[in-house]
S.K.: 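Here's a structure for you.
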Amino acid sequence: MFNKRIKIKELLAVEPQQQEVTVMGWVRTFRNNQFIALNDGSTNNNLQVVMELGKFGDDLLKRITTSASLKVTGTVVPSLGKGQKLELKATHVEILGDCDAEKYPLQPKKHSLEFLREIAHLRFRTNTFGSVFRVRNALAFAVHKFFNEKGFVYMHTPIITASDAEGAGEMFKVTTLPFDNTPRNVDGSINFKEDFFGRATNLTVSGQLEGELAATALGDIYTFGPTFRAENSNTARHLAEFWMIEPEMAFSDLEDNANLAEEFIKYIIGYAMVHCREDLDFLAQRLADEEKQKPQLERSEMGLIERLEFVIQNDFERLTYTEAIQILKESNHNKKKKFQYLVEDWGVDLQSEHERYLVEKHFKKPVILTDYPKDIKSFYMRMNDDGKTVAAMDILAPGIGEIVGGSQREERMDVLEKRMKEMNIPAEEMWWYLDTRRFGTVPHAGFGLGFERMVQFVTGMTNIRDVIPFPRTPKSAEF
RNA sequence: UCCUCCUUAGCUCAGUUGGUUAGAGCAUCUGACUGUUAAUCAGAGGGUCGUUGGUUCAAGUCCAACAGGGGGAGCCA
């Protein structure tokens, strides 16, 4: 019977009254041959287990090493020492699993995130990653809670897809064809008719197109699932496998879309603030310590908690691409030629440095940029009346960059077909997508939010590889 | 993929203008102590200096290539 254990988080909240309890967990430190700091993952706060001198044999004491797993039964008493309200006076201590101290790589000291990334299978046992993954869990739960409360239908869009028309990025191929002796057509090309699905298939880069199919019948839907991009991206904000949330709403325009995105972001941050306060406080302290190492100029003005509160309490800044270009063009930063890429002409895509200037220097809050030039955006985005811009929106977050990308979709069949032709999108392969416009089309809109970027923003972790349990990046798929 | 920096003990790092047996803190092991808080004190073990090749009487130190990692950029979420 293992389920009679009490979780340490729960135990630390009780009044110590000599009650007998059983806890299980891993040793964080063992001090003085007497005091075990025991952690079971329910909280970063350790339980102090006291093994009275002389009551336990040396054989047992020797086996209590960092990260050994224990079952401890004892009585809960007020702590004699400082630093904790209560402690567990042990009566029975059983080693569930030994841990060879000479081989175990984690020590009770600060480790670099780079080192911990190399032992990602064990990094859950650190305070930092314990906090990060409890916060990640809370955010994931809040995503479902938010949409459920709003009457959205959770839709499972396919992981394997035959459509590669969206052009959201390079795709991973899915095949059962042999690498040698690949079946060929007479012209030498690969004969996908022999493949598992009878055609070329890939891992999805977005559930949006299928999401639109569901939204144009069920009304409001969202997806929340893994997404794959085979880009050779080596940055602190890209993964080859990541999780994306994609709501899609029928009878909605760009403004509805931006409203939902802003409300959504504030909601899930607020949920984490209420339900993960201890973990966020810990992460805030961690971030503050890290920032102390940086030169004054690079430090952020607000701490993590302040930053999250600020985002929840203030309206996001909304402006069009055209207005943004104007601000950037007239900025002293641009006039003094401090940008690596100077802002001159309308129509060019914004560089990271420009986005960061807008978000971190000019407005100092999240920014919703709308109505981008059609030439730098996707075919499905709704054409504005000016004929030059489309009803797109990006949400830029301080320190993270683009956290949301979305748009009102082009619901007018003739306009959509024209755009697809211009952009060389094969309309015949997209017959099912076009059917939504053919049969009772409606204005609709949606967006994609990168879940890991959201977790980064909330936890203050600066590298995206530290907010997903087992990161997949170019040349890296260990564990 | 491009630019740039880094790679020395299990971890974090020092190592002068190239010059004998490569150092520190923490961790580990042994012993002492025992109400500790990343316990303390004493002692011990632990390194083909990322890999390969080159320059040199002599390379951790200089040069080149490769590998891995960090930071920045592009692609984006």
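Residue numbers begin at 1 in each chain, while the letters A, B, ... track the order of the sequences.
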S.K.: Would the base of A77(B) count as contacting Arg237(A) through its side chain, where contact means a donor and an acceptor less than 3.5 Å apart?
M.R.: no

S.K.: How far does the P atom of G25(B) sit from the matching atom of U40(B), given to the nearest Å?
M.R.: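 Looking at atom P only, G25(B) and U40(B) are 13 Å apart.
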
S.K.: Would you mind reading off the distance between Glu170(A) atom CD and A77(B) atom P, rounded to a whole angstrom?
M.R.: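 Going from CD in Glu170(A) over to P in A77(B) covers 15 Å.
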
S.K.: Tell me what Arg356(A) touches on the nucleic acid: a base, only sugar-phosphate, or nothing, going by heavy atoms under 4.0 Å.
M.R.: nothing

S.K.: Donor-acceptor check, side chain of Thr223(A) to backbone of His156(A), threshold 3.5 angstrom: yes or no?
M.R.: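 Looks like no, no N/O pair under 3.5 Å.
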
S.K.: Both Glu114(A) and Lys89(A) contact RNA chain B. Taking the nearest nucleotide for each, which residue is further toward the 5' end?
M.R.: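 Looking at the nearest nucleotide for each, Lys89(A) comes out on the 5' side.
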
S.K.: Report yes if the distance between the aromatic ring centroids of Phe470(A) and His121(A) is under 6.0 Å, otherwise no.
M.R.: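 Centroid separation for Phe470(A) and His121(A): 6.0 Å or greater.
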
S.K.: When the P atoms of U7(B) and C63(B) are compared, how many Å lie between them, rounded to an integer?
M.R.: 13 Å

S.K.: Quick one: does His144(A)'s side chain have a donor or acceptor within less than 3.5 Å of a partner on Phe224(A)'s backbone?
M.R.: no

S.K.: Within the structure, does a side-chain N or O atom of Arg31(A) lie under 4.0 Å from either OP1 or OP2 of A39(B)?
M.R.: yes

S.K.: Output side-chain donor-acceptor pairs under 3.5 Å for residues 46-55 of chain A, partner residues at least two apart or in another chain, one line each.
M.R.:
{"from": "Asn46(A)", "atom 1": "OD1", "to": "Asn39(A)", "atom 2": "ND2", "distance (Å)": "3.0"}
{"from": "Gln48(A)", "atom 1": "OE1", "to": "Arg31(A)", "atom 2": "NH2", "distance (Å)": "3.4"}
{"from": "Gln48(A)", "atom 1": "NE2", "to": "Glu87(A)", "atom 2": "OE1", "distance (Å)": "3.2"}
{"from": "Glu52(A)", "atom 1": "OE1", "to": "Lys55(A)", "atom 2": "NZ", "distance (Å)": "3.2"}

S.K.: Please state the C1' separation for the pair U48(B) and U30(B) - nearest whole angstrom.
M.R.: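 So the two C1' atoms sit 29 Å from each other.
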
S.K.: Would you indicate what Ser79(A) reaches in the nucleic acid, counting non-hydrogen atoms under 4.0 angstrom: base, sugar-phosphate, or nothing?
M.R.: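 It contacts base atoms.
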
S.K.: Please report the distance separating the C1' of C49(B) from the corresponding atom of A14(B), rounded so that it comes out in whole Å.
M.R.: 13 Å

S.K.: One thing to verify: whether Glu422(A) and Arg419(A) come together as a salt bridge, which I'm taking to mean a side-chain N less than 4.0 angstrom from a carboxylate O.
M.R.: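 Result for this pair is yes, salt bridge flagged.
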
S.K.: Determine the contact category for Ser233(A): base if any of its heavy atoms lies under 4.0 Å from a base atom, sugar-phosphate if only primed atoms, P, OP1 or OP2 are that close, otherwise nothing.
M.R.: base

S.K.: Return no unless some side-chain N or O of Gln48(A) is found under 4.0 Å from OP1 or OP2 of U36(B).
M.R.: no

S.K.: At under 4.0 Å between heavy atoms, which parts of nucleotides 6-11 of chain B does protein reach? Answer with one letter per nucleotide, 5' to 3': B base, S sugar-phosphate only, - none.
M.R.: ----BB

S.K.: Give Gly81(A) one of three labels, base, sugar-phosphate or nothing, depending on what nucleic acid heavy atoms sit under 4.0 Å from its own.
M.R.: base

S.K.: Under 4.0 angstrom, heavy atoms only, what part of the nucleic acid is Glu355(A) near: base, sugar-phosphate, or nothing?
M.R.: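 Here Glu355(A) touches no strand at all.
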
S.K.: Any donor-acceptor pair, under 3.5 Å, between the side chain of Asn234(A) and the base of U1(B), if you only look at N and O atoms?
M.R.: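 Flag set: donor-acceptor pair detected.
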
S.K.: Once you apply a heavy-atom cut-off of 4.0 Å, does Leu80(A) come out as touching a base, just sugar-phosphate, or nothing?
M.R.: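 It contacts base atoms.
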
S.K.: Tell me whether Asp40(A) is salt-bridged to Arg28(A), with the criterion being a basic N under 4.0 Å from an acidic carboxylate O.
M.R.: no

S.K.: Searching all strands shown, indicate the nucleotide that pairs with C2(B) (Watson-Crick or G-U wobble; both distances under 3.5 Å).
M.R.: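 G72(B) is the nucleotide pairing with C2(B).
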
S.K.: Is it true that Arg318(A) and Glu255(A) have a side-chain N and a carboxylate O under 4.0 angstrom from each other?
M.R.: no

S.K.: Let me spell it out: for each of Ile403(A) and Thr462(A), pick the nucleotide of RNA chain B with the closest heavy atom. Which residue's pick is nearer the 5' end?
M.R.: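 Of the two residues, Thr462(A) wins.
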
S.K.: Rounded to the nearest angstrom, tell me the gap between atom CG in Leu61(A) and atom C1' in U36(B).
M.R.: 14 Å

S.K.: Measure from the ring center of Phe339(A) to the ring center of Tyr357(A) and say whether it is less than 6.0 Å.
M.R.: yes

S.K.: How is Leu239(A) classified with respect to the nucleic acid when contacts are heavy atoms under 4.0 Å: base, sugar-phosphate, or nothing?
M.R.: base

S.K.: Determine the contact category for Arg117(A): base if any of its heavy atoms lies under 4.0 Å from a base atom, sugar-phosphate if only primed atoms, P, OP1 or OP2 are that close, otherwise nothing.
M.R.: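 Here Arg117(A) touches the backbone only, sparing every base.
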
S.K.: Just to be sure I understand the rule, does Gln84(A) reach a base, reach only the sugar-phosphate, or reach nothing, if contact means heavy atoms closer than 4.0 Å?
M.R.: base

S.K.: Using a cut-off of 4.0 Å on non-hydrogen atoms, how would the nucleic acid contact of Lys82(A) be classed: base, sugar-phosphate, or nothing?
M.R.: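 Touches a base.
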
S.K.: In whole Å, what separates the C1' atom of C57(B) from that of C3(B)?
M.R.: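 Approximately 39 Å lies between the C1' atom of C57(B) and that of C3(B).
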
